[in-house]
Amino acid sequence: MMGTPQLTKNQSLVMGALAHSDGPMSAYTILDKLRDHGFRAPLQVYRALDKLLEYGLVHRLESLNAFVACTCPQDHDHEHGVTAFTICEGCGQVTEFHDEAIEQRLSTLVRAQSFKTEKTTIEIRGHCKSCA
Ligand SMILES: [Zn+2]
Ligand SMILES: [Zn+2]
C-alpha cells in the first residue's frame with residue numbers, strides 16, 4: 001500500500017472511532033458509537049472494516065473478535081509482515097509490535113513447507129505491568 005488511501009465517509013468514521021478508542025472494539029460497539037452518524041446496520045461497519053483491514057490501517061484480533069487501529073508508524077509503504085499484540089486480560093490494553101527476528105524465523109519455517117502466508121497475527125494474552 002503506497003501512501004494514504006482515500007477513505008470514504010463511512011471508512012473515516014469507523015477509523016476515527018477506533019483511533020480514539022482506548023482498547024479494541026467489536027463491530028457492534030463501533031456500530032453503537034456511530035449510530036448518530038447514520039450507521040444503522042452491522043453490514044455498514046463490516047464493509048468499512050474490510051477495506052481498512054485491506055489498507056493495513058486496522059487489525060483484527062481473532063481471540064477477541066475485535067478491531068484495533070494500527071499503531072505502527074503510519075508509513076504503510078512497507079508490508080505489515082508479522083503483527084504481534086500483547087492483550088491484557090485485566091484492563092484490555094493492547095500493544096502492537098513488530099520484530100524482524102521473529103518475522104524472519106517464521107517465514108523460513110513457513111517457506112520450508114511451501115506454504116503461502118496471507119497474514120500472520122500473534123496474540124499474547126496475559127497481564128500488563130499495572131494489572132500483574
Ligand atoms: Zn499495524
Ligand atoms: Zn492491564
Side-chain angles (χ1 to χ4, degrees):
M1 178 58 55
M2 301 292 283
T4 311
Q6 200 63 37
L7 300 184
T8 65
K9 180 170 161 276
N10 280 4
Q11 288 161 14
S12 312
L13 285 166
V14 170
M15 192 62 223
L18 283 169
H20 294 114
S21 162
D22 292 334
M25 289 168 97
S26 71
Y28 282 87
T29 313
I30 297 170
L31 177 61
D32 277 343
K33 290 240 180 207
L34 295 179
R35 278 190 197 279
D36 292 345
H37 295 278
F39 277 71
R40 291 288 173 269
L43 192 62
Q44 291 171 295
V45 177
Y46 282 116
R47 280 213 189 102
L49 284 169
D50 274 351
K51 282 293 168 192
L52 295 170
L53 287 165
E54 194 181 297
Y55 298 149
L57 295 171
V58 161
H59 296 295
R60 185 190 150 89
L61 300 170
E62 310 286 348
S63 66
L64 298 177
N65 195 15
F67 302 85
V68 285
C70 175
T71 56
C72 58
Q74 291 293 315
D75 58 337
H76 275 91
D77 293 0
H78 68 279
E79 287 294 312
H80 241 98
V82 176
T83 313
F85 296 94
T86 52
I87 301 169
C88 176
E89 291 181 346
C91 64
Q93 186 192 81
V94 170
T95 307
E96 173 178 352
F97 58 95
H98 298 265
D99 182 278
E100 242 171 77
I102 297 173
E103 232 167 280
Q104 281 172 7
R105 186 74 191 122
L106 282 176
S107 76
T108 305
L109 290 168
V110 168
R111 236 182 292 126
Q113 308 208 30
S114 306
F115 188 86
K116 192 182 171 301
T117 305
E118 293 296 339
K119 67 161 185 167
T120 310
T121 310
I122 299 172
E123 299 182 18
I124 304 164
R125 309 283 298 242
H127 291 92
C128 74
K129 204 171 168 187
S130 12
C131 295

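We count ligands from 1, going down the list as the structure has it; atoms in each ligand are counted the same way.
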For Cys70 and Gly56, work out which heavy atoms get closest and say how close.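 Minimum heavy-atom contact is CB-O, 3.6 Å.
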
Rounded to 10 degrees, what angle sits at the Zn ion (ligand 2) between Cys88 SG and Cys128 SG?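 If I round to 10°, I get 110°.
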
Hey, is Glu123 close enough to Arg125 for a salt bridge, meaning N to O under 4.0 Å?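 Judged by the 4.0 Å cut-off on N to carboxylate O distance, Glu123 and Arg125 do not form a salt bridge.
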
Between SG of Cys70 and NE2 of His59, what angle is found at the Zn ion (ligand 1), rounded to 10 degrees?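 NE2 of His59 and SG of Cys70 make an angle of 110° at the Zn ion (ligand 1), to the nearest 10°.
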
Does any N, O or S atom in Cys131 come within less than 2.8 Å of the Zn ion (ligand 2)?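 Given the 2.8 Å cut-off, Cys131 counts as a ligand of the Zn ion (ligand 2).
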
Please check if the side chain of Glu96 supplies one atom and the backbone of Thr71 the other of a donor-acceptor pair under 3.5 Å.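 It does hold such a pair.
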
So His98 and His59, would you call those rings parallel, tilted or perpendicular, with 30° and 60° as cut-offs?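 Judged by the thresholds at 30° and 60°, the geometry between His98 and His59 is tilted.
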
Just give me the atom name: the N, O or S atom of Glu96 closest to the Zn ion (ligand 1).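 In Glu96, the heteroatom (N, O or S) nearest the Zn ion (ligand 1) is OE2.
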
